[in-house]
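See below for the structure under consideration.
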Amino acid sequence: DHQAVSACLADPTRYLTNAQTVQRLSRDFYWYSPVLKALLDDKTAEAVAQPISIEEITATLACCHARNIPVTARGAGTGNYGQAIPLHGGIVLDLARMDAIEEITPEGVAITGPGTRLGVLETHARTLGWELRCYPSTVAKASVGGFLGGGSGGIGSVAHGGLRDFETVRFIDVVTMEPTPRLIHHAGNQVHEVIHSWGTNGIIVRIGLALTPAVDWAQCAVAFPTFAAAYDFSEAIATQDTWTKRLITTFEHPIPAAFAPIVNITRPGQALIFFMIAASQLEALQAAAEAAGGVVTHAAPYQGLRTQPLLSDYTWNHTTLWAMKLDPEYTYLQCGFSPTEVRSQFAQLKQKYGEDFLFHIEFMKNGTGAVIPGSIPIVRFSTVARLNEMIDFCRSIGVFVANPHSNNVEGGGRYHPDNIQLITKQKYDPQNLLNPGKMATFS
Ligand code: FAD
């Protein structure tokens, strides 16, 4: 079998069987979750194929299909839900070398291969007057294809929503897993048949990603004595259209105590907000923060992803990473608070869980254009039962939870209620060879 699959690549040295390398490329950041760590620690592929063209991908899939070999797509392996970990062996299809940026159209659509790093695309786009609408805090490493396969949003989502919103994904070309794999163009709404399906229903090989005109940004950090005051101020900036923003993250104390490299811009015992705001509005933001009782602890121009410190390195799911360094018992949830009930929801959670549930808010625009308080709270892990009880309690008080401790598309909470991803799997991968086990409703 190894010989047959490696023969699909023009250069057989791009077919890897060294056990250590294969194990490394079979893993992602699954260990983020104590639940997934126990579940996935021993899972690995048998080999890794590193195609460099759509033709090589098509040949590899045909060959694997004929031999009933599972195939798990991999971008950069930065996913934190075990999405890219093969449950049933087979091969990992490492797409990192499919990283050509074909063009950025005059209308601001980036046409790119799946392996292009988001950071490379962002930096290149900015030289042409464009920038990504949204990107994960793993931007430096993460690939465009992996972001579409498993991600949802991040920095920029406060202005532009998530990947699924506002036609940000203009088109994708997808290779199917069939005796003779087909290359199928998905445009408009059809992209939702495949994006965020964890590589279970097709391999995304070419992407049209809508950008937005680049803004001259600044970074700003503001400390407030209480979380309530910090929340009020951040909510006001997030919901007022007059502010041009890319990031608004609000942390309850003691989360900022985990940010060791930037301790100078935190304040002991205080809540903290991080902003990326239009440079032209930086002074006005500082004045508004001080008028609201805040202390500006950092304000500086943003000079691209190499800016130091880069405040986004402490936001979105990076916050969890820092918190886990501070205390390995910390883990996280992914929540959406109700914009109207949020303060009462905060109060109920505090009363029930106290220091075991720490607020970390990420404001984001939803598909209707409203800015809502998304959240990746830091929670203390003791047992799976208690974690599940926390999730149930959140839901009982109207807090949406996408469970990050689940290893299937449906459990992760981004599954489409019309089953469109499942119907697509039935069409494109009827033998269940693409990342098998991750679409739980397929049988
Ligand atoms: P991978 O992990 O390689 O793959 C992700 C999934 O997509 C897998 O199921 C894989 O099989 C599938 N896949 C990969 N390539 C393809 C393809 N070409 N066709 C079909 N399927 C494919 N995510 C966010 O959305 N926002 C965040 O802010 C964020 N912050 C994070 C912070 C940290 C510290 C960590 C560890 C993770 C974070 N993530 C976040 C998750 C992850 O980093 C991003 O979603 C990232 O975009 C994934 O890209 P990747 O190339 O690493 O994908």
Side-chain angles (χ1 to χ4, degrees), residues 73 75 78-81 83-84 108-112 114 118 121-122 131-139 142-174 184-204 206-212 246-247 316-317 334-337 339 362-376 400-404 406 408-425 428 435 438-439 441:
T78 69
N80 48 308
Y81 317 98
Q83 294 164 324
V109 177
I111 301 178
T112 175
L118 287 162
L121 182 57
E122 161 79 0
E131 64 185 28
L132 294 174
R133 288 186 178 184
C134 66
Y135 56 85
S137 54
T138 45
V139 59
S143 71
V144 181
F147 190 34
L148 266 57
S152 51
I155 294 101
S157 288
V158 65
H160 303 290
L163 262 186
R164 84 188 81 174
D165 300 316
F166 309 119
E167 298 181 356
T168 291
V169 182
R170 286 294 154 86
F171 73 80
I172 47 178
D173 290 340
V174 176
I184 301 183
H185 186 71
H186 290 240
N189 257 340
Q190 292 171 331
V191 303
H192 300 290
E193 296 169 1
V194 175
I195 67 170
H196 206 87
S197 297
W198 299 21
T200 58
N201 61 10
I203 304 296
I204 302 167
R206 190 164 168 267
I207 295 150
L209 191 69
L211 307 171
T212 187
R246 204 178 196 189
L247 178 70
W316 289 85
N317 235 326
Q334 293 179 162
C335 300
F337 286 93
E362 295 288 353
F363 287 95
M364 57 189 302
K365 195 171 268 182
N366 67 18
T368 70
V371 176
I372 56 154
S375 179
I376 311 181
F400 167 82
V401 183
N403 184 0
S406 157
N408 54 62
V409 181
E410 295 88 340
R414 305 280 180 206
Y415 192 64
H416 291 271
D418 58 5
N419 286 344
I420 194 67
Q421 296 147 301
L422 172 63
I423 293 165
T424 306
K425 184 161 175 82
Y428 291 178
N435 210 355
K438 302 289 175 57
M439 193 176 284
T441 45

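Quick caveat: nothing in here was measured; it's all calculated off a predicted structure.
- Note that OG of Ser197 and CG of Leu148 are 10.5 Å apart. Values are rounded to the nearest 0.5 Å.
- In this structure, Ile195 and Gln421 have side chains that are not in contact, with every pair of non-hydrogen atoms separated by 4.5 Å or more.
- Put simply, CZ on Arg133 and CG on Leu211 are 8.0 Å apart, with the number rounded to the nearest 0.5 Å.
- Looking at Glu410 and Lys425, no side-chain N of the basic residue comes within less than 4.0 Å of a carboxylate O on the acidic one, giving no salt bridge.
- Listed here is the closest heavy atom pair of Val109 and Arg170: CG2-NH1, 3.9 Å.
- With a 4.5 Å cut-off on side-chain heavy atoms, Pro373 and Phe363 count as touching.
- In terms of heavy atoms, Asn317 sits closest to Ser137 at N-OG, 3.8 Å.
- Nearest heavy atoms, Glu362 versus Leu247: OE1-CD1, 3.9 Å.
- Here Asn419 contributes atom CG and Thr441 contributes atom OG1; the two are 6.0 Å apart, rounded to the nearest 0.5 Å.
- Separation of atoms OG (Ser406) and NZ (Lys438) is listed at 10.5 Å; rounding is to 0.5 Å.
- At least one side-chain heavy atom of Val169 sits less than 4.5 Å from a side-chain heavy atom of Leu163.
- Between Thr78 and Ala142, the closest heavy-atom pair is OG1-CB, 3.8 Å.
- Ile184 pairs by the side chain to side chain contact (heavy atoms under 4.5 Å, CB included) definition with Thr176, Arg182, His186, Tyr428, not counting sequence neighbours.
- Gly75 and Ser143 get closest at one heavy-atom pair: CA-OG, 3.4 Å.
- Atoms CD1 and CZ, on Ile372 and Phe400 in that order, are 9.0 Å from each other to the nearest 0.5 Å.
- The shortest distance between side-chain heavy atoms of Leu209 and Thr168 falls below 4.5 Å.
- In this structure, Gln334 CD and Asn80 CG are separated by 6.5 Å, a value rounded to the nearest 0.5 Å.
- Applying the side chain to side chain contact (heavy atoms under 4.5 Å, CB included) rule to Ser157 yields the partners Cys134, Trp316, Met364; only residues at least two apart in sequence or on another chain are considered.
- Pairing each heavy atom of Trp198 with each of Gly150, the nearest pair is CD1-CA, 4.4 Å.
- Residues Arg164 and His192 meet the side-chain proximity criterion, which asks for heavy atoms closer than 4.5 Å.
- Residues passing the side chain to side chain contact (heavy atoms under 4.5 Å, CB included) test with Val139 are Leu118, Tyr135, Leu305, sequence neighbours excluded.
- In this structure, His160 and Lys365 have side chains that are not in contact, with every pair of non-hydrogen atoms separated by 4.5 Å or more.
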